[in-house]
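Take a look at the structure set out below.
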Amino acid sequence: MKRLLSLCDAVALTGLGTLFAVVAFNVLGRALFDATGHAVNLMIPGAIEISRYALMVTVLASLPRAAEAGMVRVDLLIDHLPPGLATLLDRLWALAIAAFGAATAWLLISEALLQITRGDATQDLELPMWLLTGFAGLAMSALTLVGLWLALRGARG
Amino acid sequence: MSSQETGFLGIAVLLVLLALGCPVGIAMILVGFAGFAAIIGIAPALNILQSGAFETASNYSFTLVPLFLLMGSLVSRAGLSRDLFLAARRFTYGWNGGLAVAGVIASAAFSTVSGSSLATASTMTRVAYPEMRAQGYDPRLAAGSLAAGGTLGIMIPPSIALLLYALITEQSVGTMFLAGFLPGLLAFALYVVCVTIMARFWRPSAAHMDTDPGSLGLAFRRFLPVAILFGMVMGGLYGGLFTPTEAGGVGAALALILAIFRGLRWPDLVGALTETVRVSATIFVILIGAEIFGFLLSVSQISFSMADMIREAGWAPWQLMLGVVVFYLVLGCFMESLAMILLTVPIFYPLVIDAGFDPIWFGVIAVVTVETGLISPPVGMNLFVVRGAADDLELKDIMIGVLPFVLTDIIRLAILMAFPAVALTLPRLLG
């Protein structure tokens, strides 16, 4: 499970690095474009689309780690419950995370399979949509595994 | 069961799940999905589950969230906080309680590039608290001023809370940042007054030992990097040079350059990126939850029902607003600030707008109230952040120390409610 989480971390960091680089470089490119009277165009084609999907990669790949590290919750009551009951609830919430991950993964992977047959592509760069949707499905599958792992361990999700 | 009843039941179940420790985003997803399925059907509910996750995560408007977080994270690692504190110390040299005032000034300055209350409170406590204690400051005065000073990060632009409010209510991010500026300055001014008064009662035992803080020129030079970073990001945004997303990207790039010049090492950079990814993930789980829960609110038409109920009960708009503010103040004592914004704004926003309030003004009121929650005992997040950053502090001392600041926040809230122009003047002039 640690390897899976490390892999997800690496993918999420790559997504964030890409998002940051594309946005920052494009601002520079546009400044140069304006400064040279539209003679030099170093702007990245489809930068908005790349940014969108880099964000998607960052967010969905980081969900398994967010589940493992602990999501935002209200601890006021649960901290005062008997330890057995608190652990039971923690397992239940971890299962809820797994259920959300599993349902979404199933829907996204089914959609990706349909997109292969339809040949859907993104609007600007015409990237195959199934790659992006399929990636999202895999990320949600990883979330499912982490949720199940947390439920078995009785750890807080 | 009617759709309205399903909506009300959904809110009740959501509150129970939250009380039982279910992660906020997951609770919103579960309730939103189940409620939508009960009203419309399982197949459309599965569709919103899929689109809620994928479309929210790939929404271009949201790209600015991790970029501003990255900027704040890099700035925190660039060691600017110490320079800001030393510079602020120069301006307050010789004042009674001058170091505590310097802590508030440095927190305000750090907020202009950090955007995060927790980062501001944590960083400034590490820098300022040891020096205050060495100079004989009462731990209640030291901790209270630093915990409260940290909250300035949630109001002074670029605030992540104002940014999220703008995104979920489809307001302009630039306008929201402008609206937060004067209330942020008001908070800063009131905190300085509060610290000065507190220092009369909890008099520092050895303020005369304050060491020579250096020249005014040096103090200005220490403020300069933050001033340049803030000026370029906000100047570019309001000068029409950047979109909000680009402002976040430029801010992060400038923060990276600044951090490299100040000795940022590779592990620090990886740390900043990792922290950004983790905080983004926790925010996006709630954003996905808010999206799916929002579908339930829409199809159940619960906002219309609540608006009708309020009209039938004969509530005046100010009574509604007072009710919302009191609810926020109470909830803020128990709940994380950004989660609270994302959870409650979709419910209250339609009611408040229906009652005739300005959406920008309400955003400021909501964030100010949430900000108060950050230092409200027993579970205000900044109390624990300050406790975590200073080993010898008792939580009891922090809680006593922040009480005058909670009172100050309530006074500010009253000023903002009585005089909406404080929040709306800048957006009207420059927006």
Side-chain angles (χ1 to χ4, degrees), chain A residues 9 12-13 15-17 19-28 30-31 48-49 51-67 69-79 81 86 89-90 92-93 96-97 99-100 103-104 107-108 110-111 132-133 136 140 156-157, chain B residues 17-27 29-30 33 46-47 49-54 56-60 62-67 70 236 241-243 245-250 252-253 256 270 273-274 276-278 280-288 333-336 338-339 378-379:
Chain A
D9 286 345
L13 288 179
L16 177 63
L19 170 64
F20 169 52
V22 167
V23 172
F25 188 82
N26 223 38
V27 174
L28 276 179
R30 204 182 60 230
I48 288 183
E49 200 167 86
S51 305
R52 274 186 67 188
Y53 293 119
L55 176 71
M56 186 271 288
V57 168
T58 306
V59 169
L60 296 186
S62 60
L63 290 183
R65 179 64 79 183
M71 296 175 176
V72 178
R73 51 202 274 162
V74 182
D75 288 330
L76 191 70
L77 184 61
I78 199 164
D79 284 348
L81 293 175
L89 284 170
D90 282 337
L92 190 62
W93 307 141
I97 292 171
F100 165 61
T104 319
L107 291 164
L108 287 165
S110 305
E111 177 67 18
L132 299 162
T133 316
M140 299 311 281
R156 175 164 290 195
Chain B
L17 290 179
L18 293 178
L20 291 175
C22 183
V24 176
I26 298 298
I29 291 168
L30 288 177
F33 172 76
L46 287 170
N47 277 338
L49 197 62
Q50 178 195 326
S51 67
F54 190 83
T56 305
S58 61
N59 185 335
Y60 181 72
F62 293 161
T63 50
L64 76 177
V65 174
L67 293 173
L70 180 60
L241 295 176
F242 319 136
T243 63
T245 294
E246 289 171 344
V250 168
L256 178 61
V270 174
L273 289 167
T274 305
T276 303
V277 161
R278 289 192 187 161
S280 298
T282 57
I283 290 176
F284 271 85
V285 172
I286 304 172
L287 277 172
I288 292 169
C333 298
F334 306 104
M335 198 165 182
E336 199 274 331
L338 297 181
V379 295

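Computed over heavy atoms, backbone and side chain alike; hydrogens, waters and symmetry mates excluded. So that the names make sense, note that chain A is the first sequence line, chain B the second, and so on, each numbered from 1.
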Can you say whether B:Phe33 sits under 4.5 Å from chain A via the side chain, the backbone, both, or neither, judging by heavy atoms?
neither
Can you tell if the side chain of A:Phe100 reaches within under 4.5 Å of the side chain of B:Leu49, non-hydrogen atoms only?
yes
So which residue, B:Thr282, B:Val250, B:Ile29, ends up with the most heavy-atom pairs under 4.5 Å with chain A?
B:Ile29
Does any backbone or side-chain atom of B:Asn47 lie under 4.5 Å from a heavy atom of chain A? Answer side chain, backbone, both or neither.
neither
Rounded at 0.5 Å granularity, tell me how far OG in A:Ser110 sits from CG in B:Leu46.
10.0 Å
Could you tell me which portion of B:Ile286 (side chain, backbone, both or neither) has an atom closer than 4.5 angstrom to a non-hydrogen atom of chain A?
side chain
Which bit of B:Thr243 comes within less than 4.5 Å of chain A, counting heavy atoms only: side chain, backbone, both or neither?
neither
Is it the side chain or the backbone of B:Leu67 that comes within 4.5 Å of chain A heavy atoms, both, or neither?
side chain
Heavy atoms of A:Leu60 and B:Ala53 approach each other most closely as CD2-O, 4.4 Å
Smallest heavy-atom separation, A:Ser62 atom then B:Ala281 atom, equals OG-CB, 3.2 Å
Residues A:Met71 and B:Pro23: closest non-hydrogen pair is CB-CB, 3.7 Å
A side-chain contact here means heavy atoms from C-beta on lying under 4.5 Å apart; do B:Thr245 and A:Val23 qualify?
yes
Here the gap from A:Leu89 atom CG to B:Cys22 atom SG, rounded to the nearest 0.5 Å, amounts to 9.5 Å
Within the structure provided, determine whether B:Arg278 and A:Asp9 are in side-chain contact (heavy-atom separation under 4.5 Å).
yes
Part of B:Ile26 within contact of chain A (heavy atom distance under 4.5 Å):
side chain
Answer key: most heavy-atom pairs under 4.5 Å with chain B among A:Leu28, A:Leu63, A:Leu108, A:Ile48 is A:Ile48
Output the option from A:Leu55, A:Asn26, A:Val59 having the highest count of non-hydrogen pairs under 4.5 Å with chain B.
A:Leu55
Is B:Leu70 close to chain A through its backbone or its side chain, or both, or neither, when contacts mean heavy atoms under 4.5 Å?
side chain
Mind listing the closest non-hydrogen atom pair of B:Leu30 and A:Ala96 along with its distance?
CD1-CB, 3.9 Å
Rounded to the nearest 0.5 angstrom, the OG1-CE distance for B:Thr63 and A:Met56 is 14.0 Å
Testing the basics here: between B:Leu17 and A:Trp93, what is the closest heavy-atom pair and its distance to 0.1 Å?
CD2-CH2, 3.5 Å
Answer yes or no: is there a side-chain heavy-atom contact under 4.5 Å between A:Leu13 and B:Val277?
yes
Under a 4.5 Å heavy-atom cutoff, which of A:Phe20, A:Tyr53, A:Phe25 has the most pairs with chain B?
A:Phe20
Is there a side-chain contact between A:Leu19 and B:Pro66, using heavy atoms and a 4.5 Å cut-off?
yes
Structural part of A:Glu49 lying under 4.5 Å from a heavy atom of chain B
neither
What part of A:Ala136 gets within 4.5 angstrom of chain B, counting heavy atoms only: side chain, backbone, both, or neither?
side chain
Given that the side chain runs from C-beta out, which part of B:Leu287 has a heavy atom under 4.5 Å from chain A: side chain, backbone, both or neither?
neither
So which atom in B:Tyr60 and which in A:Arg52 form the shortest heavy-atom distance, rounded to 0.1 Å?
CB-CG, 3.6 Å
Quick one: which of B:Gly236, B:Gly249, B:Ala253, B:Ala57 has the most heavy-atom pairs under 4.5 Å with chain A, could you say?
B:Ala57
